[in-house]
Each structure stands twice: as C-alpha cells, then as structure tokens.
Amino acid sequence: MEELDDRKKKILNVIIDTYLKTGEPVGSRTISKAPGLDLSSATIRNEMSDLEDMGYIESPHTSAGRIPTDQGYRYYVDNLIMDRDREVMEVRTSLTEKTEKMEKVLKKIVQYLAQNTQLPTVISAPSITKNRVKFVQLSAVDEHQLLSVVVMDGNVVRNKMIQVSEPVNNEELLKLNMLLNTTLNGLTVQDINLGLIQKIRGQAGTNSDIIESVLETIADTITEDDLEIYTSGATNIFRYPELADSQKASEFLQKFEDKDDLAELINEAEEDAKETGKGLRVYIGNENPVKNMKDVSVVTATYELGDGVKGTIGIIGPKRMDYQKVMDSLRSLKVQLEGTLRRPGIPGSSDKGNNSGDGPGGSQEE
C-alpha cells in the first residue's frame, strides 16, 4: 500500500470512523467538522480525490460522499492494532514502574507505623473500585486462538486466551473490535447488564461466544484476587499480657499472617467507609469482622487517590490501646500517604503532627 502523509491519514481515519458509526457515505463537510482538522472543504476534497486514486476510499453510485474500500479497512485495522499494542505496552511499562515504587512506599509506611505505635500494622495497596472500560482489543494468535486484551480505568490490564472452533478472519475481528469498543467504552462493570449483553451477542451473530469470553474477562476485574497486603510489627502483640498467652498469641499470629483473613478485614473497612462516607473506623472486640480476633480492637483508615482508587491502613491492638494516639497517627499518615502516592517520592519517616481524635468506637470523616 502506498504510504500516506499525516493529513491523508487523519482524513481517512475520520471517514472510516464516521462510516462505521453511521453506515452512510462521508462528505467533505462532515470531515471538516472533525476535531483537530483545520482544513477547508476544497482541501479536503482534493485529499479525498487522492485517497480514492490510491484505492483507500470509493464513491458509491453518484453520491458525493465516500466509503472505505477493503484496502482502506486493511490500513485502518493494521494501524488500529499497532496503536493498541503500543498503548498496552506503555500501560504495562508504566504500571510496572508505579507498582515497584508503590511497594517500597507502602512497606516503609507500614514499618514506620508499627514502630511509632508499637502495635501490629497492616496496609493494602490501592485497588480500583470504579472499573470503567477504556478499550478492548482482539487479536488472532493462530487459527484456533484469539488474544483478548481489556484495559480498564486506572490502567488495569486483563489478558485472556480465547479458544475458537473456526478461524476468525480479519474482517470479522474488525467488526468485533468495533462492536466491543463502541458499545462498552466508558461503561463500568455494573453498567453491563443482561439486556446489553444480549444486544451485543445478537449483533455478534455466530461469534457471540467470543463476546461472552471478553465480558467474562471484564467481570474478572472485580472478582480476581489480586489484593496486595503488607504487614509489620506482629510480635508487638506480646507486649500486652492479656494477649501474650500461648493460645491467644498463636491464634492472632495465624490470622495476622493469613492474607484471606486480612483481606476480609480490609474489604469490610472499605465497604463501611463507602456506606458511611467516613474514612476512619474503630472495631472493638466482637465488632471485629475477622473471627479469632475478638480479643483485640482494630482501627482502620481508608485512603483515596482519586478516580475510584483506594486502599486501607489498619492498626491492631488490645482493647485498652491508646485510641487517641492510634487515631491521630492514622489521620496524619492518611494525609501523607494520599499526598505521596499522587506524586513522585518516598515518604519521610516522621509524623507531621497530630489532630484531635474521637473516643473509642467513634468515626471521623476524612
């Protein structure tokens, strides 16, 4: 195919995008209204004429508008895939760098907090709670396998290999990609209801099973167990005689090292924060959501980084813990953490000040 300059590429992309949405031939006047194109109708008509001579577009019947040819679709698909591959790679690279840096930040924070309070401490890495679809890309691996790449808000990437009984040609892949992206872009997982699923499956025809696999990949973003949790100061519990006997200490240490139990605590705290709008929570004895932690109190603070990204810090101690100090430390650290993870850098290891706290069992809106 003959190489296109930037202006022709932009015009061709507008023609194909518009035609895919409307099914109607696209004229110069419509193209002139496209964002980022500051060209006169005469210039656009000249470029369209060149694109037609080059075989990328054609004029159906006597219409003044143009529609893509097979060659035009081929150019569009090849460049779409290259752009998506590049974006996925950039997202993955950025995410890896941020994850490595965040892990160092969170480990420093949880160690500092355990030293400062002399109590066991837990912190969860931020997770995505508003799972909006950014884009979906289906690519053929071989005759019987497709690779589905789903990118969600917060740059959450999910990959899935889809087995197909019959080969899916490039034209079918293009239609599926267009269907998925035009229908799902910007939706949350909760927005994808049964009616919408049936509509998409109907439009996909014989490829409805592929659509179902992609939707399962999207649903996995809220069910996949990928919560990262960091802990420190477990042995601080032995400082308190009422918790230091062998049976209670053993039960506590077992729960403190169990990711599933800690995840239950964090999920409960984040759900409470969502329902009440208050970021600081205190669970005393039997209020504790984790079994075999009924002899202790837990103070949690939910930190938020915007765009549905949040995590939780928790401090565990005896019922007679110094609630004032613990709550003040969490408030202060919550503010520092939110500031630190929104910008480059590792947090310092000093508390920047205290605020007045609520009594035991109280909650403070942050």
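All of these numbers come straight from a predicted model, not from anything done at the bench. Numbers here are sequence positions counted from 1.
- Between Pro318 and Glu242 the shortest heavy-atom distance is CB-OE2, 3.5 Å.
- Side-chain polar atoms of Gln111 and Ser232 form no donor-acceptor pair below 3.5 angstrom.
- Residues Ser139 and Gln137 bring a donor and an acceptor atom of their side chains to less than 3.5 Å of each other.
- Between Ala140 and Leu173, the closest heavy-atom pair is N-CD1, 3.7 Å.
- Closest of all the heavy-atom pairs between Leu119 and Thr121 is O-OG1, 3.2 Å.
- Donor-acceptor pairing under 3.5 Å is recorded for the side chains of Asp272 and Tyr283.
- A donor-acceptor pair shorter than 3.5 Å cannot be found between the side chains of Ser332 and Ser329.
- Closest heavy-atom contact between Ile200 and Leu179: O-CD2, 3.7 Å.
- In this structure, Asp328 does not pair ionically with Lys325, as no charged nitrogen and carboxylate oxygen lie closer than 4.0 Å.
- The closest donor-acceptor contact from the side chain of Thr183 to the backbone of Leu180 lies at 3.5 Å or more, if one exists at all.
- Between Phe252 and Ile316 the shortest heavy-atom distance is CE1-CG2, 3.5 Å.
- In this structure, CG on Asp70 lies 7.0 Å from CD on Glu171, to the nearest 0.5 angstrom.
- One finds no salt bridge joining Glu268 and Arg281 here, because no Lys/Arg side-chain nitrogen approaches an Asp/Glu carboxylate oxygen to under 4.0 Å.
- Applying the side chain to side chain contact (heavy atoms under 4.5 Å, CB included) criterion to Asp258, with sequence neighbours excluded, gives Asp260, Asp261.
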Side-chain donor-acceptor pairs of residues 10-28 under 3.5 Å, sequence neighbours excluded:
residue, atom, partner, partner atom, Å
Asn13, ND2, Lys9, O, 3.2
Asp17, OD1, Tyr76, OH, 2.4
Thr18, OG1, Val14, O, 2.7
Thr22, OG1, Thr18, O, 2.9
Thr22, OG1, Glu24, N, 3.1

Under the side-chain hydrogen bond (donor to acceptor under 3.5 Å, both in side chains) criterion, do Gln145 and Asp142 qualify, and how do the steps go?
CA-CA 5 Å; Gln145 289 189 105; Asp142 56 41; 3.1 Å; yes
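- When the shell of 6.0 Å around CG of Asn169 is examined, it contains more than 12 heavy atoms from other residues, nucleotides or ligands.
- The main-chain N or O of Lys319 is found under 3.5 Å from a side-chain atom of Tyr323 such that the two form a donor-acceptor pair.
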Using the rule given for side-chain hydrogen bond (donor to acceptor under 3.5 Å, both in side chains), can you reason through Glu270 versus Thr302, listing the C-alpha separation, both sets of side-chain angles and the distance that settles it, and then say yes or no?
CA-CA 6 Å; Glu270 291 184 0; Thr302 298; 5.5 Å; no
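- Residues Leu330 and Ile313 come closest through the heavy atom pair CD2-CG2, 3.7 Å.
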